[in-house]
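Working notes for the structure below.
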Amino acid sequence: MDSLCDVYSRRGGRSGERRSWQFGWLVGVAGLVCWGQAQGAARTEADQIAGLLDLLETETQLATRSGMNADFVPGMATILLGDEMLARGARTVWEALALVPGMSPALEVTGERQVLSRGVGHGYGSGNIKVLLDGMSMNSTLMATANPVLNMPIEQIERIEVIRGPGSSVHGEYAFAGVVNVITRTRERVLGGMAAEGGAQGVTGRWFWEDRARDLEVSVNLAGTQGDGGKAWVERDALDPLGLDGLSNAPGPANAAFRYRALLTDLRWGASFARLRLIDDANGDHFGINHFLPPDDGNLAARQRYVALQLGHRMALSETLELELRAEAIEHERDRDRLFVFPAGYLADEAVFMDQDYREQRYEAVADLHWYGLEGHALLLGLEAAHVEIDEASWAWSGLPFALEPEWLDTARSRRILSALIQDQFNLGERVMLTATLRYDDYSDVGSLVSPRLAAVWRIDASNILKLQYARAFRPPTFYELEYAPAGDLHAGEIASYELGYIFKRPTWEARLILFHSDLTRPIQFDDQGLDGFVNGPDARLQGVELEYQHRFGARFKIDANLSLVDARRRDSDEPLAGGADLLANLALLWRPHERWTAALQLRHVGPRHRAERDPRDAVDASTQLDLTLSYRQVGGGPFLHLGVKNLTDTEVWLPDQLTSYDGVGLVYPDGYPTPGRRWWLSVGYSF
């Protein structure tokens, strides 16, 4: 096999034609690797190739809809590889996103997953991040959330691509505080099993078939898990501050039972492709919809189902013109089954439960036209049309002393969206690329919105990259927010963000720095004063810095660290935004004592998390959690094993609770939401 330096010398440092400077930069890095070898650096050829492959694996379409190395896209991109996420102990997409600078996990009152980006995203029914699954938008129009995707086990994931900050100029609605694209595994043959403390268990399997003569391939990726979720212990619920602790199920465990099932199929025939995603995700009602601890019966009180189909075709109309067509149909169901609402003796003689059914359907068509006819320019014209309608929104109650209307949401609601975007990526010389993007969205129910972006990437030399970006994004009201807006007039929230980024790369290490400032205008939030619906809140501003550092010490040891400092405050009162933390930090130490074995320590620190402005309680305590994982994997197939311990030191970790009320009385968890303590997990299997 040719050495890496042989390959480099044949290239002669020259780049190709279109997107030449991107590949030329990679070749430049290869040149640095060879220079380091000539200086006597103790690295093997395999190590050098592995390092270059790491760079090649970071290509992403998330920021621009065109394949680019993540170092060159506008803004700062993070790519988490599935195998490394497993090695670091992440068990779901939700847990993995905590490894991204500036992002922190949170919980909705009944256990739905949330992710805060740079301090934005805390609150009931809060979806401020665009969540894609293999490029398909999975945010529901009901609440803008995508819980089933966040609960996907890492065993199904090839990689997760993340853009922090606004992304509406490319991805439209809900790309307000960030964009996440979850890429699932294909072209593998694997059988595996999972287990965790408390009786959690699961299976996973992947299979593919191909006919090279017909350029045809089929992939199947399935998983199923269930368990009790770790049973976080609750000492006091909202009945305690009211002096009604005698009615409470506390002390006792939160109902964190869960069940997840998914079947993902991919078909590719030449330039045509089809994707089918069937996901069924259910969980217990955790801390109770009104902050009254539910019974410890393991009831799967909340269930969400996705049926998503995407058809697409790519074609080259000429040497400089490419067209991609996509059509999508997604059905989203969100059901509640005996959701615990009130304990016996609080509102009625018997406990009150609620059943709730909701179903929406979304249809979307997309056309992306790429033109490379002007020297140094890559033009994109995108046209999109989407329609969302509600099929069902009903509920039934047991135990109430009075009757309620059978519908909790106007089923006549619908939404039509027409969108157009134009983007030009053009090179100024060999080292500077400018990206200008403008998107226009017309909503049938909330009006028209414009999202511009202007960015520059300056490749100073093979080691230094400088980035500048200005971007605006919007967040339209969801169906649920429109239904429960007491003022009756709810506008889209907007954000304008300014970013300065710097990347410094060497053959064995790299560092990244990003400074950002964002202005939020009319953000949509649950009214924390009247506690009776959704309103456009006061303007806010975010500013901060994110640092990343990676270092490889040969093939045996790697450090991966990041630090985020953010100051997120309301402009009218200078109070911090609820739910966020000013300081986030991650430190991962990965050690390979043998080519088949990896040991990883993952340290996660979260500073004090802010309460709502009118909440008199102290901030949620800071926490530091340590995870330990031992992994075994053979190159080229065979058995594999991951054995880990979450929260090795059994540290108490609390998440901030959310404001909820009944009849004007605020109901809070006195200490916030507890999380499980130390627990083990296991993932084993065989790759064929």
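All figures in this text were calculated on a predicted structure; none of them were measured in a lab.
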Is the NZ or CZ atom of Arg189 both under 6.0 Å from the centre of the six-membered ring of Phe208 and within 45° of that ring's axis?
yes
Just checking, Arg633 and Phe640: is the charged tip under 6.0 Å from the six-membered ring centre and within 45° of the axis?
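Yes; both conditions hold, so Arg633 lies above the ring face of Phe640.
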For a side-chain hydrogen bond (donor to acceptor under 3.5 Å, both in side chains) with Asp627, tell me which candidate from Arg91, Lys646, Arg88, Gln602 qualifies.
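That would be Lys646; it is the only one of Arg91, Lys646, Arg88, Gln602 passing the side-chain hydrogen bond (donor to acceptor under 3.5 Å, both in side chains) with Asp627.
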Within-4.5 Å side-chain heavy-atom neighbours: [X] and [Y]:
| X | Y | value |
| --- | --- | --- |
| Val366 | Arg65 | yes |
| Thr145 | Ser140 | yes |
| Thr184 | Arg277 | yes |
| Asp71 | Arg512 | yes |
| Val234 | Tyr673 | no |

So does [X] pair up with [Y], basic N to acidic O under 4.0 Å?
| X | Y | answer |
| --- | --- | --- |
| Asp357 | Arg336 | no |
| Glu360 | Arg362 | no |
| Arg679 | Asp650 | no |

Intermediate values then yes/no, side-chain contact (heavy atoms from CB on, under 4.5 Å), Thr225 and Phe258
CA-CA 8 Å; Thr225 62; Phe258 70 94; 3.6 Å; yes
Side chains of [X] and [Y] only: does a donor on one sit below 3.5 Å from an acceptor on the other?
| X | Y | answer |
| --- | --- | --- |
| Asp560 | Gln550 | yes |
| Glu161 | Thr60 | yes |
| Asn151 | Arg113 | yes |
| Glu324 | His313 | no |
| His286 | Thr110 | no |
| Gln156 | Tyr260 | yes |
| Tyr363 | Gln361 | yes |

Taking Arg187's backbone N and O only, do any of them form a donor-acceptor pair with Ser219's side chain (distance below 3.5 Å, no angle check)?
yes
Can any side-chain N or O of Lys231 pair as donor or acceptor with the backbone N or O of Ala256 at less than 3.5 Å?
no
Quick check for you: to the nearest 0.5 Å, what is the distance between Met136 atom CE and Leu132 atom CG?
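It is 9.5 Å, given to the nearest 0.5 Å.
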Output the distance between atom CG (Leu587) and atom CG (Leu563), rounded to the nearest 0.5 Å.
11.0 Å
Tell me if the centroids of the rings in Tyr632 and Trp597 come within less than 6.0 Å of each other.
yes
For this output row, return yes or no: ring centroids of Tyr686 and Phe688 closer than 6.0 angstrom.
yes
